[in-house]
Amino acid sequence: MLDLSRLLVAPPVSDRPVAESGGRLIGMGQFAADVATNAERIRVAGCRRGLLVTQDAYWGAVGLFALLHAGAEAVLPQNGQPGTLAALADVRDRVIGDAALDGTGDALRLEPGVARTAPALALLDPEAPLCFFTSGSTGRPKPVRKTLALLQREAEAIEALLGSVVPADAWVHATVPHQHVYGMAFRLCWPLATGRPFSGTAHALWESALAALDGGSVLVTSPAHLARLEGIAPLPPGRRPSLVLSAGAPLSDEAADAAARVLGTVPTEIFGSSETGAVAHRARRLPDPAWRPLPGVTVGRTEDGRLRVRSPAVPGDGVHVGGDLVDLDGEGGFRLLGRADRIVKIEGKRVSLPEIEEHLRRQPWVADAAALPVGDMAPRLAAVVVPSAEGRALLSEIGPFRFGRLLRRELGATQEPAGLPRHWRFVDALPQGVLGKRVPGDLLRLFKGDGAMMAETTDAQTSVAEARPQRPTEPEIRAVRSGGEGVELDLYLPGDLAQIDGHFPGLPIVPGVALIDWAVTLGARHGIPVAVARDFQVKFRRVTVPDSAVTLSLRHLAARRRLAFEYRAGDETLTSGTIALEDPPKDGGDQA
Amino acid sequence: MDELELEVKTLIVNALNLEDIEPETIDSQEPLFGDGLGLDSIDALELGVALRKTFGIKIESVNDDVKAHFANVRSLAQFIRSQRAE
């Protein structure tokens, strides 16, 4: 292992490339010269905290080391969008970067150095500071402070885990940015600390990524890409990568299979966060294996079910508790159960719902807004917007598609693509609960008309039920009272009901379809003659939460051929409605 | 209207699950990314899948000017035609 703090002190003279950038191979000598030249320029500019924005990972490395060698703090924003840079104006004195900055005013543009004349570089302080920004649950980006020593330790843990499967001279290619902690660790720090060359390019399309791969190389990618391999021919054996890494969100079984088939390598998934760096890994040979901690990392579970990480790569006391809910497997590993806050993962990117709402509300066309994920397996971001008077006028002029696109474009000033809602609903008022609290179930119902999304939801529920038969799909019946034309059931809704999976990460609710389904099945079991349930009319008043006791009243309205039902918690009605019943089909005739 | 261009427009609307828009209302020369339709990098990945599946197109190397092909509906239609001619 090389030490990142002395990497550029008297660099070895060799032709071995460090990186590729813009089609050029760059050797260690040139890298040192580029860093030294720009460190000098940063020093002369009097910069103490530089906001680093680069699209090419090589220039990202140059900028990072130049800032640290200049004695300045390197600040890495969550993206390079102009609005993001403007919002971080108070945490930096200069913006530093490459072509990503075209058109930005006071920025210091990184320039190539001349190896012959560049000054020598001194040893770096291992405590040299870096600051990453990530999505926080409060609606504002959150700073995460690190040091060079922490990045070094993370690179060492990665090499201890993966070094043996990757040739010593393997190229590291990528489809993900290097601006985030995952890309920074796997695209920059690990290659630099192990002497492996890396490519500066983050490939947007598969075609160009695959053209760059050669046998034995590493591909640092994500579910966003691995789930979209369809139509690509399998790589010939001589061009298969030795390692395919995926991080950001769990890989679906289909994507894991497709990756193994097309790339010829079973993907290795990495779990981590901005705060912790890489924490755990798993190979996707089987569906949903447990996560195993990286060498030197241990995990635990807090009393309220959150993951506790103890790692030498975590700042401060080395312990971090985040918003991920987990189950421990008793063998040092864990499984993820969802999030405990309003942070969601879209396309593998951390997206803060409060932040999206905040940015939407700042637009002149928007009076109020709510953001939510829709769909289970591959959630997408959706927004429910109450247009302002100005917005209403524009909406009627240009129509909902263009209006949604306009709002998206404005959001694009601060958000990456994953943070841009793909589905929009425009309403007069946001659904409000009795206590003035927003009811997510009501919001979600606004998107239920979408055929594709429904299909996705149904598939996901089916596969969840198949994969985990041990989870209950029905409430427990605590008491039954019958009389007159109906029956009353006291029910307990277990917290681990299969139906609540993934609907609202961190905010479990019992979906309306489950309530309707139980009314029919429980009715049939308690003497109400149900052969086929036709349509239904339902009124959702309050959200039904799992791990609670409710009362279900069922009445057979024989004359109207309907089943009336009502779910109550105490005296409050949660959901009520009627379901049209049909006798068993005897003569093939429809309802009279 | 050019039939292939209309086919591409329909493919874009269906593959990207765009709501509240009819394929006919997309202008063939309107930029797909940035202003215009406002597609992004995730849309580009999805569009790549749909184009491979529907038209069997292949973008062979890094040197192919992917960005130029994806500029608008017309350039995509031209690209599909050039692939068919080969």
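Letters A, B, ... mirror the listed sequences (proteins, then strands); counts begin at 1.
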Side chain, backbone, both or neither of Leu39(B) within contact of chain A (heavy atoms, under 4.5 Å):
both
Shortest non-hydrogen contact from Ala224(A) toward Leu45(B):
O-CD1, 3.6 Å
Is it true that, when you exclude Arg24(A) itself, more than 12 heavy atoms of the residues, nucleotides or ligands shown sit nearer than 6.0 Å to its CZ?
no
Among Ala204(A), Pro400(A), Ala418(A), which has the most heavy-atom pairs under 4.5 Å with chain B?
Pro400(A)
Inter-residue atom distance Thr25(B).OG1 - Arg402(A).CZ, 0.5 Å rounding
5.5 Å
Taking side chain as C-beta onward, heavy atoms only, is Arg52(B) less than 4.5 Å from Ile232(A)?
yes
Might you confirm whether atom CD of Glu46(B) has over 12 heavy atoms from other residues, nucleotides or ligands at distances under 6.0 Å?
yes
Okay, Glu347(A) and chain B: the region with an atom under 4.5 Å from a heavy atom over there is side chain
Is it the case that more than 12 heavy atoms not belonging to Glu22(B) sit under 6.0 Å from its CD atom?
no
Please classify the contact between Arg228(A) and chain B as side chain, backbone, both or neither, with a heavy-atom cut-off of under 4.5 Å.
both
Counting C-beta onward and ignoring hydrogens, is there a side-chain heavy-atom pair between Arg408(A) and Asp40(B) closer than 4.5 Å?
yes
Could you state the interatomic distance from CG (Asn17(B)) to CZ (Arg380(A)), rounded to the nearest 0.5 Å?
7.0 Å
Side chain to side chain, Trp206(A) and Val49(B), heavy atoms closer than 4.5 Å:
no
Measure the CZ-CG distance between Arg422(A) and Asp43(B) for me, rounded to the nearest 0.5 Å.
4.5 Å
